[in-house]
Amino acid sequence: MNIKQVTYHIIFWLVIMFSFAISEWGYRQSFADAIIFELLYLPSRIIAVYVNWFVLIPMVLYKNKFLIYFIELVLLLAVVSVLHRYFVLYWGYPKFFPQWMDGEYVQVWKFSRLVQTALIIISPVAFTTGFKLFIDWYKERRETEALRREKIDAELKFLKSQTNPHFLFNTLNSIYGLALEKSEKTPSLILKLSDILSYTLYESNVKRVTLRKELTLIENIIALEKERYEKRVVIDYKLEGDIEGIKIPPLILVPFIENAFKHGLKNEVKKGWIKINIKALKSTLSFRIENSIAKIEDEENNNGGGLGLQNVSRRLDLLYGDQKELLIHKTDDTYIVDLTIKLLAHES
């Protein structure tokens, strides 16, 4: 126990003593007599409180031995009450209140006096028991919450670490294909990729980014994919509302964009299409993306978009819980993703 804790304990006992002295004042000749009376009870209260605090609660009550705890607490109060009666009758009262040294006051084992003594002692015991139960519950809750947050943060970092290489691999693979064809677009695509790399490697290592930054990344991806697919894809990109001041987790929308291009156009021999609509309101962000589905689909697409969508779905669960709604719908020729996020207080 450090000096700060000792100070708290001293203050606590001073408050207890003066509080009871004030209530006792009306029954005594002076406030000084009330203080002395409470001082005589102080050792008994201290013994009862600390035996209960350091022994009975942690070693009995917290082991779910409720009946044993109750019995031992009653025995503790009985023993302390008897010791207190001996203490005041053989030292306290003769020294400070000699006028009380007659009649029932001097009977140590008088039942009514023992009960009265126990009730006077039990008041701080009851208060400190409730206080200890609360602070221990609160401490355990904080520790549990800290462990839960550490687990969630570790999982989020793992999921995001998979998002970055997953997306970059697909982009590099696209540029590699164009390089093999000695396409004139390769240098400009590499330049756009450098911007994307800069964002994913240096700007996304935070918990929140502005929606504007995320949308700039999405627009770079769209521009890159447009150059790659040329006339094979029609892209309809709409942005509604005021995006200023809104923050979201980095790379939370990218997997849906990536999924639409990869699985919607990979095996498309004719012209495909992608519709992207983002609506930013004061407390809500809505994201909808639709893409055509090629008749010849790969196995990963049949499984619902692969690892990227599974990861982002889990990230959304961890970050927003029931504050988001993610709906994925698939028809014979269309794949639709609807995401609605209720922005948290620090995000809007």
Side-chain angles (χ1 to χ4, degrees), residues 1-27 31 34-85 87-88 112-156 207 317-323 342 344-347:
M1 187 178 293
N2 56 41
I3 296 176
K4 187 177 181 181
Q5 290 174 319
V6 171
T7 303
Y8 286 152
H9 282 258
I10 292 173
I11 292 172
F12 167 77
W13 286 114
L14 288 174
V15 170
I16 289 292
M17 186 180 68
F18 279 99
S19 297
F20 279 98
I22 290 171
S23 65
E24 188 71 24
W25 191 2
Y27 302 97
F31 186 67
I35 290 290
I36 292 171
F37 182 80
E38 292 303 324
L39 281 171
L40 292 176
Y41 267 98
L42 191 59
S44 302
R45 285 171 169 161
I46 289 175
I47 292 171
V49 164
Y50 288 126
V51 170
N52 180 58
W53 184 288
F54 291 111
V55 180
L56 297 186
I57 292 178
M59 298 178 65
V60 183
L61 183 60
Y62 283 172
K63 293 183 179 179
N64 297 324
K65 299 176 181 179
F66 303 112
L67 181 59
I68 296 175
Y69 170 76
F70 177 76
I71 293 171
E72 291 185 352
L73 182 60
V74 171
L75 289 174
L76 171 66
L77 292 172
V79 171
V80 173
S81 297
V82 171
L83 292 175
H84 175 80
R85 293 293 294 166
F87 169 68
V88 295
S112 61
R113 288 297 177 182
L114 286 172
V115 171
Q116 182 185 43
T117 301
L119 290 175
I120 293 174
I121 293 172
I122 201 174
S123 300
V125 173
F127 174 78
T128 53
T129 297
F131 183 68
K132 181 170 177 59
L133 292 176
F134 172 76
I135 61 173
D136 287 350
W137 167 81
Y138 183 71
K139 187 186 298 183
E140 183 179 2
R141 182 182 177 186
R142 287 188 63 183
E143 290 173 354
T144 302
E145 180 65 17
L147 289 173
R148 188 184 72 85
R149 289 304 314 170
E150 286 178 8
K151 182 180 178 182
I152 289 175
D153 288 344
E155 186 173 356
L156 284 171
K207 290 186 176 180
D317 286 339
L318 292 173
L319 290 164
Y320 291 99
D322 59 1
Q323 298 300 302
K342 292 181 181 179
L344 305 177
H346 57 278
E347 294 179 330

Closest non-hydrogen contact found for Ile122 with Leu119 is CG2-O, 3.2 Å

Value rounded to 0.5 Å, distance of OG1 in Thr128 from CZ in Phe12:
5.5 Å

Would you confirm whether Gln5, through its side chain, and Asn2, through its main-chain N or O, come within 3.5 Å as a donor-acceptor pair?
yes

Inter-residue atom distance Ser81.OG - Leu114.CG, 0.5 Å rounding:
6.5 Å

Taking all atoms of both residues into account, what is the closest heavy-atom pair of Ala21 and Ala34, and its distance?
O-CB, 3.4 Å

How long is the span from the OH atom in Tyr62 to the CG atom in Leu133, to the nearest 0.5 Å?
4.5 Å

Any side-chain heavy atom of Asn64 within less than 4.5 Å of one from Tyr69?
no

Rounded at 0.5 Å granularity, tell me how far CG in Leu75 sits from CD1 in Ile68.
11.5 Å

Answer yes or no: does atom CD of Glu140 have more than 12 heavy-atom neighbours from other residues, nucleotides or ligands under 6.0 Å?
no

Check: Val6 and His9 side chains under 4.5 Å, non-hydrogen atoms
no

Quick check for you: to the nearest 0.5 Å, what is the distance between Leu77 atom CG and Thr117 atom OG1?
11.0 Å

Are the side chains of Arg45 and Ile120 in touch, meaning some heavy atoms are under 4.5 Å apart?
yes

Parallel, tilted or perpendicular: which one describes the rings of Phe127 and Phe131, with boundaries at 30° and 60°?
parallel

Can you label the angle between the His84 ring and the Phe87 ring as parallel, tilted or perpendicular, going by 30° and 60°?
tilted

Are any of the side-chain heavy atoms of Tyr41 and Val88 separated by less than 4.5 Å?
no

Determine whether Ile47 and Leu83 satisfy the following criterion, side chain to side chain contact (heavy atoms under 4.5 Å, CB included), listing intermediate values before the conclusion.
CA-CA 11 Å; Ile47 292 171; Leu83 292 175; 5.9 Å; no

Could you give me the CA-CA distance, side-chain angles and deciding distance for Leu73 and Thr129, then say whether side chain to side chain contact (heavy atoms under 4.5 Å, CB included) is met?
CA-CA 11 Å; Leu73 182 60; Thr129 297; 5.8 Å; no

State which residue, out of Val49, Leu76, Val51, Leu56, fulfils the side-chain contact (heavy atoms from CB on, under 4.5 Å) condition with Val125.
Val49

Approximate separation, where rounding is to 0.5 Å, of Asp136 CG and Arg141 CZ:
15.0 Å

Tell me which one of Trp137, Trp53, Phe54 satisfies side-chain contact (heavy atoms from CB on, under 4.5 Å) with Lys132.
Trp53

The test is ring-ring contact (aromatic ring centres under 6.0 Å, His included); show your working for Phe70 and Phe66 and say whether it passes.
CA-CA 6 Å; Phe70 177 76; Phe66 303 112; over 10 Å; no

Begin from the C-alpha positions of Val55 and Tyr50 and carry the test side chain to side chain contact (heavy atoms under 4.5 Å, CB included) through to its verdict.
CA-CA 8 Å; Val55 180; Tyr50 288 126; over 6 Å; no

